[in-house]
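Let me begin by presenting the structure, written as structure tokens, before commenting on it.
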Amino acid sequence: MEHNYKIVTNGTLLVLIILLIGWWVLSQITANLSIFERNLILAFINGLAFSMILFLMVSGFYLIFGLADIINFAHGAFFMLGGFIGFASYVTFENFFLQSNLFMTNEFFYSILCFILAMISTAILMGILGGVIEFTTVRRLYRKPLNQILLTVGISFLIIQFAQLIWSSQKTYIIPLNTNTNYFFVTGFSNITSNITFETYSFVIIFIGLSLAIIMYIIFSRTKIGFLVQAAIEDSEMTEILGTNVKLMLSLVFIIGTILAGIAGFILVPSIHGGAYLGNATTYLIFAFVIVVVGGAHYGKFEGTFFGSLIIGFSYKFTETFFSDYTSIVAFIIMAIILIFKPSGLTGQAE
Amino acid sequence: MIVNNTSAFKTNFLKFIQENKTLISFLTVLYVVPLYTTNDFSPLRSLLSQITLILIFGIFALSFEIQLGRTGLLNFGQAVFFGVGAYGLAFYLDYVASLSSDSGFLPQFVVLILQNPFMQVLFAFVIGILMGALLGFIMGLTTNKMKGITFAFIALAIAMLFYAYSSQTPEGSALSGGETGKKVFSLDLFQSLPLYLIFVVLTLIIIFLFIMVIYKDLKERRGMFGLSLFESPLGNSNENQGNVSMNKIKIIFLKYRKVIKGIIFGILLLIIAYFIIFISLPNILGMVHITSNTYFFPIPITYYFVLTSAVLMYLFSKKLTQSPFGRVLAGISQNEERVQALGYNVYWYKIKALTISGAMGGLAGALYAVTTQLLTPETTFSVDNTVNVMIYSIVGGLNTLFGPFIGTAFVISSEAPNNSSLGVLTKILYNYNISTDLIFVVIGLIYILIVMFLPFGLSGTFQVKMPKITQTLRKIRITPNDYWIFAFFILSFVFIFLMNFNQILQMFPSLTYITSR
């Protein structure tokens, strides 16, 4: 990342500036927008939100894969489980606050509080789960990739069956509809003009996603641990020889990856298009594969996952709005194209 | 001249029998079991249909194992071979059926040839295999200069393209039957007489081979019966103690060796003849009667068909791994650059390996289309199929050829529902009042335990520990020559056990009363 430093900062600044200008331009346009342009803007915002969720999930997957060559088949299951755990903890906190009669009048405030508390508790619970799994099983099979694949498949199987036991398999749980107060701090739709309506919550997703991305970028490029993790991803044997404890780093990375997947799953829950749903596990796992390949799988860099998730998220949402029949295929077509023309992904270096 | 030829043939034949004793005794049990009953609804029939599915997925897992265990190519898109073979067969059968109404541009005699039932079956399977091989070839073309993981993902992309296209786009759903599935045109041949007779003859041939195995084994035995449980393995010691009567028995045995062996052989022949004449012949004739009445009774034929193809695939894979081609593949799996440096064109070998395994996957798909006559994208193209096959191979053992079959049998039998004969594990768990959902949690835990403690899989660990086991067994004078006896009896007992498991389970203290079926 070091020689990309300037490009990345300049690029991100540019993207942010474009976004702001675009926002201002949009707000100046009056009601005379055709349906096509309305859909375009809708797809853009939805795509950005979706990309943020994908990015959070995939960064964990990429870290685990890059560091230890483990294809974590259970990552989708962690994502799904994060959604369910977050939903359950949100409801629990809400009930707790209702019963204790605090903030009775100010629903907005305590909805935010529940949300933040639910996010923290999801992170803690997923971290504990990841730590337990890593300590008991993944650690034993270090450097045996096939057994790890089967192991993670088994874990994914277990988690899905477990979730099916506790929560029903057909329902999708969305926060504003399934809670006691039917209120969430950002519900509904906001309008730029009376003709463009989209869900306000998308902005929350974008905000949380971007801030976490910036935090991760800072950690990876400015702190010592970040540099060590990058070095271990590039050449773990050499890093181990030079004195760092790569196994400990693997545990740390696994836990952080699980936490990220859980948070991403939870963030998806309040959105109308999302929700906690059992089928999420396999769907998002396949997205993770696609994004890791597009962004640069083995010899790629961390920005690869960011740009890859942007590409896949945007293309998915755009095709969903305009060519709704081909939504599932477009991600794989993009993956196939990139694999044919640049086999090591967008940011990977060729063998 | 003629004497030389026959004796050469005879030596080769006897050598073949000598080397494949365990396999022949396995096959005898598997081929002979369906002849026990003609009852359409007996539990043996449902067990056979489940075993047919196990064998189909076993062939599929074998194709995966050739890629991963032999060549070291991890492939996340394995399901596409399966689906393409299955759908290829279905489309071809539809095409042939539509030829009767409108022959199009084909000349009349070609249409007649194609409509012949034998040719239908032959060409349908050939097309299924060829489609699988074509997909394998295409996948092979993409492996140039790529690290292993990238190839896995490309294969996944191709597989998911097929899956998404056939299940979620309108044109694709129309072609593939969408969620309700595509009905496969049922083959009349599979319920007809000639194929059934062919397989009965094949069963008799296998029984004959089994008799040859017994004959050869008896002929070559030294000592009393190989098992020396009552004397020291070092043979006659110099001590004068030891029973005088035992010594007398040994002397008598040595003197009349051939007679005693002949008597034993005759008794065994009588048992087998009794079985053939009194138990299976009425069943054979009974089933013939049923099929000539156009009573739908395809299970023995599909079972035999699938079993024969599984055996052929196993022998083919065995030949493949022991050939020079297989050796190069083994080298590629261990160190690709070295093989390239030695002058082999690694890219071309990978393409060939993928084509072969694609053909095998296509065959498995075609067999699946013929047995379960309904195809959906979920069961054929989905990632679940690939993941299942990976589980089967890895649980079974990646470094053996029996491994995929054993792994498939283990996994499918552990997930079998409560009311089937194969569901031993679910019945035990149900007996102790564990609810159905928790059963899957327990099964997942079992897989994780197998992966952690048996890293080579079930059959692989067995093979790795083989020298030790052989040594232990040699101490009681059981040599590898004798393993076929154990294979025969163990497999027969497994069948008897499965058939009577309900009664066995009632003997144990249970918390709920089992009501099966």
Side-chain angles (χ1 to χ4, degrees), chain A residues 65 69 71 73 133 136-138 140-141 144-162 164-166 169 282-283 285-286 289-290 292-294 296-299 323-340 343-345 348 350-351, chain B residues 68-69 72 74 76 142-165 167-173 382-384 387-388 390-391 393-395 398 435-457:
Chain A
F65 180 52
D69 244 342
I71 300 179
F73 271 83
I133 289 179
T136 54
T137 52
V138 176
R140 302 260 176 92
L141 300 177
K144 282 192 214 169
L146 292 171
N147 290 340
Q148 278 162 350
I149 289 178
L150 185 57
L151 180 72
T152 46
V153 168
I155 293 176
S156 151
F157 190 61
L158 264 181
I159 292 180
I160 294 179
Q161 293 300 325
F162 221 60
Q164 194 168 6
L165 264 182
I166 306 181
S169 60
T282 41
T283 323
L285 180 68
I286 297 189
F289 283 161
V290 170
V292 159
V293 166
V294 162
H298 213 168
Y299 289 95
F323 308 102
S324 54
D325 287 332
Y326 297 97
T327 32
S328 345
I329 305 187
V330 79
F332 303 109
I333 294 181
I334 291 181
M335 179 160 125
I337 291 176
I338 290 198
L339 279 175
I340 291 175
S344 35
E351 268 284 292
Chain B
L68 187 55
L74 182 60
F76 283 149
T142 61
T143 62
N144 195 11
K145 290 196 180 74
M146 273 176 208
K147 212 170 158 9
I149 296 296
T150 325
F151 166 67
F153 287 130
I154 294 182
L156 177 71
I158 297 179
M160 287 302 294
L161 263 173
F162 271 92
Y163 173 65
Y165 181 71
S167 68
Q168 274 151 17
T169 58
E171 316 87 48
S173 305
S382 59
V383 179
D384 284 340
V387 168
N388 280 340
M390 279 198 318
I391 293 180
S393 320
I394 297 182
V395 163
L398 275 176
S435 81
T436 337
D437 290 324
L438 267 184
I439 286 179
F440 281 102
V441 172
V442 172
I443 289 177
L445 275 173
I446 291 180
Y447 293 158
I448 294 182
L449 287 174
I450 286 183
V451 147
M452 286 182 58
F453 295 114
L454 293 176
F456 290 104

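Just so you know, these numbers come straight off a predicted model, no measurement behind them. Note on naming: letters A, B, ... go to the chains in the order of the sequence lines (proteins, then strands), and numbering restarts at 1 for each one.
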Item checked: Side chain proximity check, B/F76 to A/I286, heavy atoms < 4.5 angstrom ->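 SC-SC contact between B/F76 and A/I286 ruled out.
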Margin query: Just so I know, are the side chains of A/F332 and B/I158 near enough to count as touching, which here means a heavy-atom distance under 4.5 Å?
Written below: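 A side-chain contact is absent here, since even the closest heavy-atom pair is not under 4.5 Å.
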Item checked: Pairing residues for B/Y163 by the ring-ring contact (aromatic ring centres under 6.0 Å, His included) criterion, not counting sequence neighbours ->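 Expected list: none.
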Checklist line | Set of residues satisfying ring-ring contact (aromatic ring centres under 6.0 Å, His included) with respect to A/F157, sequence neighbours excluded | finding: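 Once residues adjacent in sequence are excluded, A/F157 has no partner under the ring-ring contact (aromatic ring centres under 6.0 Å, His included) criterion.
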Next item on the list: With rounding to the nearest 0.5 Å, note down the distance linking CG in A/L151 to OH in B/Y447.
Entry: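 Separation between the atoms: 14.0 Å.
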Note to self: As an exercise, state the distance from CG of B/L156 to CE of A/M335, rounded to the nearest 0.5 Å.
What the structure shows: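 Those atoms lie 5.0 Å apart.
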Margin query: Angle between ring planes, A/F65 versus B/F153, binned at 30° and 60°: parallel, tilted or perpendicular?
Written below: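 Geometry flag for B/F153 against A/F65: perpendicular rings.
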Check: With a 4.5 angstrom heavy-atom cut-off, which part of A/I71 approaches chain B: side chain, backbone, both or neither?
Finding: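 The answer is the side chain of A/I71.
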Item checked: Minimum-distance pair of heavy atoms, taken over all atoms of B/I448 and A/G154 ->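 In terms of heavy atoms, the two residues are closest at CD1-C, 4.0 Å.
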Note to self: At a heavy-atom distance under 4.5 Å, which candidate from B/I450, B/L445, B/V383 has the highest pair count against chain A?
What the structure shows: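 Most heavy-atom pairs within the cutoff with chain A belong to B/L445.
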Check: Contact part of B/L398 toward chain A, heavy-atom cut-off under 4.5 Å: side chain, backbone, both or neither?
Finding: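 Side chain only.
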Check: Considering only heavy atoms, which portion of B/I446 lies under 4.5 Å from any heavy atom of chain A: side chain, backbone, both, or neither?
Finding: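 Contact with chain A involves no heavy atom of B/I446 at all.
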